[in-house]
Asks: 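Okay, here's the structure, questions in a sec.
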Amino acid sequence: MDCLFCKIIAGEVPSSKVYEDDMVYAFRDIAPTAPEHVVIVPKTHIASANEITADNVKYVTAIWKAIPGIAKILGVSENGYRVVNNCGADGGQTVNHLHFHLMGGREFGWPAG
Ligand code: 5GP
Ligand code: ZN
């Protein structure tokens with residue numbers, strides 16, 4: 001399958017790994033929008049949030065289980081951080097493999113633009 005994030009998980013495309021377990025892979029975004037910006041992906045191809053099902057939601061659970069530890073690794077636990085999922089064209093999704101952005105190291109406004 002021609003999926004960039006599947007290739008990153010497989011090690012076919014290099015990435016700067018921050019965290020990994022049996023279901024989750026997290027790596028530094030190539031174009032960070034914050035001092036700390038990590039992309040967190042399930043180690044199975046789920047195209048977008050629209051494709052989350054009762055069968056594969058365990059990967060989303062695993063991602064959220066990993067998030068506090070990833071935040072700790074990045075040193076942003078205390079000051080806080082933002083987690084974002086972009087879904088589809090209007091959501092701004094550019095890579096069609098479900099992922100969550102964890103961003104920290106600066107203050108974010110709300111509502112998001
Ligand atoms: P999206 O826009 O789909 O929510 O997020 C995709 C993210 O993947 C973007 O923030 C983009 O900078 C990042 N990205 C795209 N290609 C690569 C790559 O080859 N390596 C890494 N580390 N990040 C990438
Ligand atoms: Zn994929």
Side-chain angles (χ1 to χ4, degrees):
M1 189 192 302
D2 195 29
C3 169
L4 174 63
F5 288 172
C6 281
K7 287 178 182 164
I8 284 179
I9 294 161
E12 293 162 16
V13 170
S15 65
S16 175
K17 180 170 87 173
V18 171
Y19 172 85
E20 181 174 20
D21 63 35
D22 56 331
M23 297 176 97
V24 176
Y25 190 75
F27 54 97
R28 292 200 175 273
D29 198 294
I30 205 167
T33 61
E36 303 293 337
H37 186 168
V38 164
V39 178
I40 311 170
V41 301
K43 281 187 173 176
T44 189
H45 185 80
I46 300 169
S48 79
N50 281 334
E51 314 303 324
I52 296 169
T53 65
D55 281 342
N56 67 24
V57 73
K58 58 183 180 275
Y59 285 91
V60 180
T61 301
I63 286 171
W64 276 99
K65 193 173 158 203
I67 279 172
I70 296 170
K72 217 166 238 177
I73 291 166
L74 298 175
V76 299
S77 301
E78 197 173 323
N79 281 355
Y81 49 90
R82 179 163 288 177
V83 178
V84 169
N85 168 253
N86 297 326
C87 179
D90 278 2
Q93 184 175 6
T94 60
V95 179
N96 292 327
H97 180 127
L98 178 69
H99 54 280
F100 295 82
H101 300 258
L102 193 165
M103 297 162 289
R106 71 171 170 87
E107 202 171 325
F108 298 92
W110 189 261

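Position 1 is the first residue of the sequence; numbering continues from there. All ligand and atom numbering here is 1-based and tracks the order in the structure. Not measured: the values here are computed from a predicted model.
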Asks: Looking only at heavy atoms, is any part of Phe5 under 4.0 Å from ligand 1, and if so is it the side chain, the backbone, or both, or is it neither?
Replies: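 The side chain, only.
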Asks: Suppose we screen for salt bridge (Lys or Arg N to Asp or Glu O under 4.0 Å). Which residues come up paired with Arg106, at least two apart in sequence or across chains?
Replies: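 Expected list: none.
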Asks: Nearest heavy-atom pair of Val39 and Val41: which atoms, and what distance?
Replies: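 Taking every non-hydrogen atom into account, CG1-CG1, 3.9 Å.
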Asks: At a 4.0 Å threshold, what atoms of ligand 1 neighbour a non-hydrogen atom of Gln93?
Replies: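 The atoms of ligand 1 under 4.0 Å from a heavy atom of Gln93 are 3 (O).
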Asks: Is the number of heavy atoms from other residues, nucleotides or ligands under 6.0 Å of Glu12 CD greater than 12?
Replies: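 More than 12 heavy atoms, drawn from other residues, nucleotides or ligands, come within 6.0 Å of this atom.
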Asks: Nearest protein heavy-atom contact for atom 22 (N) of ligand 1: which residue, which atom, what distance?
Replies: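 It is Arg28 O, 2.9 Å.
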Asks: Flag Gly92 as yes when one of its N or O atoms lies below 3.5 Å from any N or O atom of ligand 1, and as no otherwise.
Replies: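 Checking ligand 1 against Gly92, an N or O pair does fall under 3.5 Å apart.
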Asks: Let me confirm one number: the CD-CG distance from Gln93 to Leu98, rounded to the nearest 0.5 Å.
Replies: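 Rounded to the nearest 0.5 Å, the CD-CG separation comes to 7.5 Å.
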Asks: Please report the shortest heavy-atom distance between Ala26 and Ile40, naming the atom on each side.
Replies: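 Here Ala26 and Ile40 meet closest at CB-CG1, 4.1 Å.
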Asks: Which heavy-atom pair separates Arg82 from Trp110 by the least distance, and what is that distance?
Replies: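 Residues Arg82 and Trp110, closest heavy atoms: NH2-CE3, 3.5 Å.
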Asks: Could you check whether the rings of His101 and His37 sit parallel, tilted or perpendicular, using 30° and 60° as the cut-offs?
Replies: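 Correct class here is tilted.
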Asks: Do any nitrogen or oxygen atoms of Thr94 lie less than 3.5 angstrom from nitrogen or oxygen atoms of ligand 1?
Replies: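 In this structure, Thr94 places an N or O atom under 3.5 Å from an N or O of ligand 1.
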Asks: For the atom pair NE2 (His45) and SG (Cys3), what is the distance rounded to the nearest 0.5 Å?
Replies: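 Answer rounded to 0.5 Å: 5.0 Å.
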Asks: Just heavy atoms, cut-off under 4.0 Å: does Leu4 contact ligand 1 by side chain, backbone, both, or neither?
Replies: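 Answer for Leu4: side chain.
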Asks: Closer than 2.8 Å to the Zn ion (ligand 2), what protein N/O/S atoms do you find?
Replies: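 Short answer, with waters excluded from the count: Cys3 SG, Cys6 SG, His45 ND1, His97 ND1.
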Asks: Please could you name the atoms of ligand 1 that Val95 approaches to less than 4.0 Å, counting only its heavy atoms?
Replies: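 Those qualifying, in numeric order: 3 (O), 6 (C).
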Asks: For Val24 and Ala66, which heavy atoms make the closest approach, and how far apart are they?
Replies: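 What the structure gives for the nearest pair is CG1-CB, 4.4 Å.
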Asks: Which bit of His101 is near ligand 1, meaning a heavy atom under 4.0 Å away: side chain, backbone, both or neither?
Replies: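 The answer is the side chain.
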Asks: Any N/O of Ile30 closer than 3.5 Å to an N/O of ligand 1?
Replies: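 N/O-N/O distance under 3.5 Å: yes.
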Asks: Would you mind listing which atoms of ligand 1 come within a distance below 4.0 Å of any non-hydrogen atom of Ala31?
Replies: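 Reading through ligand 1 atom by atom, the close ones are 12 (O).
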Asks: Donor-acceptor pair, distance only, cut-off 3.5 Å: does the side chain of Ser48 make one with the backbone of Cys87?
Replies: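 No: the side chain of Ser48 does not pair with the backbone of Cys87.
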Asks: Show the atoms of ligand 1 that are less than 4.0 angstrom away from any heavy atom in His99.
Replies: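 Within the 4.0 Å cut-off of His99, ligand 1 contributes 1 (P), 3 (O), 4 (O), 5 (O), 6 (C).
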Asks: What verdict does the side-chain contact (heavy atoms from CB on, under 4.5 Å) test give for Val38 and Tyr19, after you've listed the backbone C-alpha separation in whole Å, the side-chain angles of each residue and the deciding distance to 0.1 Å?
Replies: CA-CA 10 Å; Val38 164; Tyr19 172 85; over 6 Å; no
Asks: Please work out which of Asp29, Leu98, Asn96, Asn86 has its closest non-hydrogen atom nearest to atom 12 (O) of ligand 1.
Replies: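 Checking each option, the heavy atom nearest atom 12 (O) of ligand 1 is found in Asp29.
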Asks: Is the side chain of His97 donor-acceptor paired with the backbone N or O of Thr44 at a distance under 3.5 Å, no angle test?
Replies: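 At least one qualifying donor-acceptor pair exists.
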Asks: Does Val13 have a non-hydrogen atom less than 4.0 Å from ligand 1?
Replies: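 It does not, in that no heavy atom of Val13 comes within the 4.0 Å cut-off of ligand 1.
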